[in-house]
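Notes for the one structure printed next.
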Amino acid sequence: MEALHAIGVDLGGTKILAGVVTRDGSVLRRHERATPQDSQEHVMAELEAAVTELLDDSVGAIGFGVPSPIDQARGVVVRCVNLPLENAPLRDHMHERFDLPVGLDNDANAAAIGEWRAGAARGVDDLVMLTLGTGVGGGVVSGGVAFRGRNGEGGELGHVTIVYDGRPCQGACHGRGHLEAYASGHAASEAAREAFGPSADAHRLIRLANEGDAHAKQILAELAGYLGSGIGSFVNVFAPELVLLGGGFGIAAFDYLAGPAEEIARREALEPMRSAFRLAKAELGTAAGLIGAAFVGFEALDAA
Ligand SMILES: [Zn+2]
């Protein structure tokens, strides 16, 4: 019998978002719980609990989107930058626990797949998606195929260098001057604290901008400039038809980021790519990751 539904699980820096998803990308039921920050065992247990919460007889596969490079051959989460998860055999663990086909992907790849299958990028075969949340994730669909690099480990667009020897990157990343250090929600929170005091964060920054605060708008525009430099480079490399901004911060701040980011991206990109791409907001909101993860689950099911 063909399985009707897959459970998609999106592991974020602060929340685990899960849902039961149909083959056409509709989300039937959702579940949300906090992401533990203390240990790998705890993160694995909460991922398992999220699946258990949603599991019924209609579910034939499970997919996970995780903010880490994925070793697809072994089904292992290599190392999360912002969470205590390293060398974690997630695929085998969940397969043994639930006896269903399990697919794994990077969370931003999953978000791009979600938008491609069921969101703003339906019918678009060349897509670059950036998810701006705690970090900056990247997902690419190139020529109608999800781009993953060797053994599924690539596509880490948030960790391209945009400033040589620039700001240190976050968490477990040892690099400097990476896009993530300049254009993530975390970077926005840092800038907000510097400008508006220790209790300010990215949410407050956007709220102040919404209230017309010029300084807040200027901080967001500056952040958008860095984002645009990254986008210009991605446009030169991938020649996308569509560049999507998603993730919690990317969606909330879209109106402040899109204009300046697009201006800089078009300055940096070469013709004919610079005239050919559109910049748009992800349509599935923060559900893109879980929907895409479910499609990664369906992929595992169909390959089984
Ligand atoms: Zn980095």
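First listed ligand is number 1; within each ligand, the first listed atom is number 1.
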Self-check item: Check against side chain to side chain donor-acceptor pair (under 3.5 Å), N106 and E156
Solution: CA-CA 9 Å; N106 170 269; E156 289 287 349; 3.3 Å; yes
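- Distances from the Zn ion (ligand 1) to the N/O/S atoms of H178 are shortest for ND1.
- Between F147 and F238, the two ring planes are perpendicular [angle over 60°; tilted spans 30° to 60°].
- Taken from CD1 in I16 to CG in L290, the straight-line distance is 12.5 Å, to the nearest 0.5 Å.
- The Zn ion (ligand 1) has no N, O or S atom of H174 under 2.8 Å away, backbone or side chain.
- Annotation: angle subtended at the Zn ion (ligand 1) by C169 SG and C173 SG is 110°, to 10°.
- For the residue pair E48 and T52, no side-chain donor N or O sits within less than 3.5 Å of a side-chain acceptor on the partner.
- Looking at H159 and the Zn ion (ligand 1) together, the shortest N, O or S contact belongs to ND1.
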